[in-house]
Amino acid sequence: MKIKTSFQDVKTSNGTTMRVFIYEPNLPEYPEAKWPGVVCFSEIYQVTGPVERFASNIASAGYVVAAPSSFHEFEGPEAIPYDVEGTDRGNKYKADKKLEAYDEDCTLSIDLLVGLKSCTGRVAATGMCLGGHLALRAAFDPRCLSTFCYFATDIHSASLGLYTPPADPSADINTLPLISQGKLAHCEVAMVFGKQDTHVDREGRSMIRDGLDAGGGAVSFYEVQAEHAFIRDTSSKGRWDAALSRSLFGLMMELFERTVGRDLGPRKGGKAVLEHIC
């Protein structure tokens, strides 16, 4: 299926502009087609070539995909290079951004999707690394019906962005405390981690898995023989596993197909194909 790309600039409450890249099917013969939506959150390098290809592959299966640029408080929407300087810059931005600002980005991205004429309003989420964590937090929004998270960082360590936990544990908005309150009960969750991932060790993975199990809801937890960033098809430092990436992509699409579906609407210019054949 062919796709088309565009972007929208969204104003945030702190006065910055978040650019959201949009990838969606291009079927002119179905002008009223509506597609389920997917928010695709990137690594610390913003929307790079690998992220764009990943989002485009989802769109080509019949989804409208929104990929937000996460670091609009600090710089423009351009991709950050996969080099030492870029990694240091991205990690600094990740730490300096407020946790509440990440959540606002999630909300605004879902707002954008459900507001598109081409979207059915049924929304899922995915992402990798930083984006894997954001995809999980996006699922706190009741409009997000499923999420597939690749090697999500900073969940077990409660270290995503600037945030001081309150004295009252029940008011803590870190990810695991929110999960323990049943905030994901409406959403089907799939988590993928590589067993050789140095960012999330075995103890951390167990903490995340136990937290998800205790929080209720439908959860699938995959631990695979891979390192961090194994789905990145360039600049992965030898960690890319193409075969494993294809297999997991299939699992993700099965989840999305089952939970958010699709609606093409009437065909332009005449009778439906099935009626014409009959």
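From a predicted model like this one, the values you see are computed outputs, not experimental measurements.
- Residues I80 and Y93 have side chains in contact (heavy-atom distance under 4.5 Å, counting atoms from C-beta outward).
- The NE2 atom of H133 sits 8.0 Å away from the CE atom of M191 when rounded to the nearest 0.5 Å.
- E43 and R232 are joined by a salt bridge, as a carboxylate oxygen and a charged side-chain nitrogen come within less than 4.0 angstrom of each other.
- Using a 30° and 60° split on the angle between ring planes, F54 and Y150 fall in the perpendicular class, above 60°.
- Across all their heavy atoms, A55 and Y23 have their closest contact at CB-CD1, 3.7 Å.
- Under the 4.5 Å side-chain heavy-atom criterion for Ile, Leu, Val, Met, Phe, Trp and Tyr, L134 and F74 are members of the same hydrophobic cluster.
- By the 4.0 Å N-to-carboxylate-O rule, E104 lies too far from K98 to be salt-bridged with it.
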L136 and T175: CA distance, side-chain angles, deciding distance, side chain to side chain contact (heavy atoms under 4.5 Å, CB included) verdict: CA-CA 8 Å; L136 186 61; T175 302; 3.8 Å; yes
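- At most 12 non-hydrogen atoms from other residues, nucleotides or ligands lie less than 6.0 angstrom from CD of E203.
- One hydrophobic cluster, built from ILVMFWY side chains closer than 4.5 Å, holds both V260 and L251.
- Residues in residues 107-123 take part in these salt bridge (Lys or Arg N to Asp or Glu O under 4.0 Å) pairs, two or more places apart or across chains: D111-R143.
- Side chains of R205 and K195 form a contact here, defined as non-hydrogen atoms less than 4.5 Å apart.
- T259 places no side-chain N or O within donor-acceptor distance of the main-chain N or O of S146, the cut-off being under 3.5 Å.
- With a 4.5 Å cut-off on side-chain heavy atoms, L178 and F140 count as touching.
- Linking ILVMFWY side-chain heavy atoms closer than 4.5 Å, directly or via other members, places I22 and L27 in a single hydrophobic cluster.
- Between the side chain of T16 and the backbone N or O of T12, no donor-acceptor pair lies under 3.5 Å.
- Using a 4.5 Å heavy-atom threshold, the side chains of Q46 and F71 count as touching.
- Closest heavy-atom contact between A152 and G132: CB-C, 3.4 Å.
- D96 pairs by the salt bridge (charged side-chain N to carboxylate O under 4.0 Å, His left out) definition with K92, not counting sequence neighbours.
- Shown here for V47 and P68, the closest heavy-atom pair between the two residues is CG2-O, 3.9 Å.
- In this structure, CG in D201 is found 8.5 Å from OG in S206, a value given to the nearest 0.5 Å.
- Rounding to the nearest 0.5 Å places CD of E24 at 6.5 Å from CG of L116.
- The closest donor-acceptor contact from the side chain of Q196 to the backbone of A226 lies under 3.5 Å.
- Using modelled atom types, one finds no donor on one side chain facing an acceptor on the other under 3.5 Å when comparing R53 with S56.
- Between Y63 atom OH and N57 atom CG the span is 13.0 Å, to the nearest 0.5 Å.
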Derivation of the side chain to side chain contact (heavy atoms under 4.5 Å, CB included) call for F148 and F256: CA-CA 9 Å; F148 198 99; F256 291 170; 4.2 Å; yes
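- Listed here is the closest heavy atom pair of C119 and L113: CB-O, 3.1 Å.
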Using a 3.5 Å cut-off and no angle test, enumerate the donor-acceptor pairs between side-chain atoms of residues 4-11 and protein atoms at least two apart in sequence or in another chain.
from: D9; atom 1: OD1; to: R19; atom 2: NE; distance (Å): 2.8
from: D9; atom 1: OD2; to: R19; atom 2: NH2; distance (Å): 3.1
from: K11; atom 1: NZ; to: T17; atom 2: OG1; distance (Å): 3.0

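- Two residues are said to be in side-chain contact when any heavy atoms from C-beta on lie closer than 4.5 Å; T126 and I58 meet this criterion.
- Judged purely by distance below 3.5 Å, without hydrogens or angles, the side chains of Y82 and T48 pair a donor atom with an acceptor atom.
- Between P36 and T120 the shortest heavy-atom distance is CA-OG1, 3.5 Å.
- Side chains of E188 and R258 form a contact here, defined as non-hydrogen atoms less than 4.5 Å apart.
- The pair K97-D105 meets the salt-bridge criterion, with a side-chain N (NZ, NE, NH1 or NH2) lying under 4.0 Å from an Asp/Glu carboxylate O.
- Closest of all the heavy-atom pairs between A138 and I110 is O-CD1, 3.9 Å.
- Residues passing the side chain to side chain donor-acceptor pair (under 3.5 Å) test with Y45 are T87, sequence neighbours excluded.
- With sequence neighbours left out, T153 forms a side chain to side chain contact (heavy atoms under 4.5 Å, CB included) with K94, C129, H199, H228.
- Of the possible donor and acceptor atoms, one in the side chain of H186 sits under 3.5 Å from a partner among the backbone N and O of D141.
- Put simply, the side chain of R137 reaches to within 4.5 Å of the side chain of L160, judged on heavy atoms.
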CA sep, side-chain torsions, deciding dist, call: F230, L248, side chain to side chain contact (heavy atoms under 4.5 Å, CB included): CA-CA 11 Å; F230 67 88; L248 290 168; 3.5 Å; yes
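- Interatomic distance, R209 CZ to R202 CZ, rounded to the nearest 0.5 Å: 8.0 Å.
- A chain of hydrophobic side-chain contacts below 4.5 Å, direct or via other Ile, Leu, Val, Met, Phe, Trp or Tyr residues, connects V38 to M252.
- To the nearest 0.5 Å, the span separating OG1 on T147 from CG on L255 amounts to 8.5 Å.
- Using a distance-only test at 3.5 Å, with no hydrogens or angles considered, no donor-acceptor pair links the side chain of S159 to the main chain of I155.
- Hydrophobic clustering of Ile, Leu, Val, Met, Phe, Trp and Tyr side chains at less than 4.5 Å, counting indirect connections, keeps L162 apart from I173.
- With a 4.5 Å cut-off on side-chain heavy atoms, F151 and V200 do not count as touching.
- With sequence neighbours left out, D213 forms a salt bridge (charged side-chain N to carboxylate O under 4.0 Å, His left out) with no residue at all.
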Side chain to side chain contact (heavy atoms under 4.5 Å, CB included) between F193 and V224, worked out: CA-CA 6 Å; F193 289 100; V224 297; over 6 Å; no
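- Without hydrogens or angle criteria, D83 side chain to G86 main chain gives a donor-acceptor distance under 3.5 Å.
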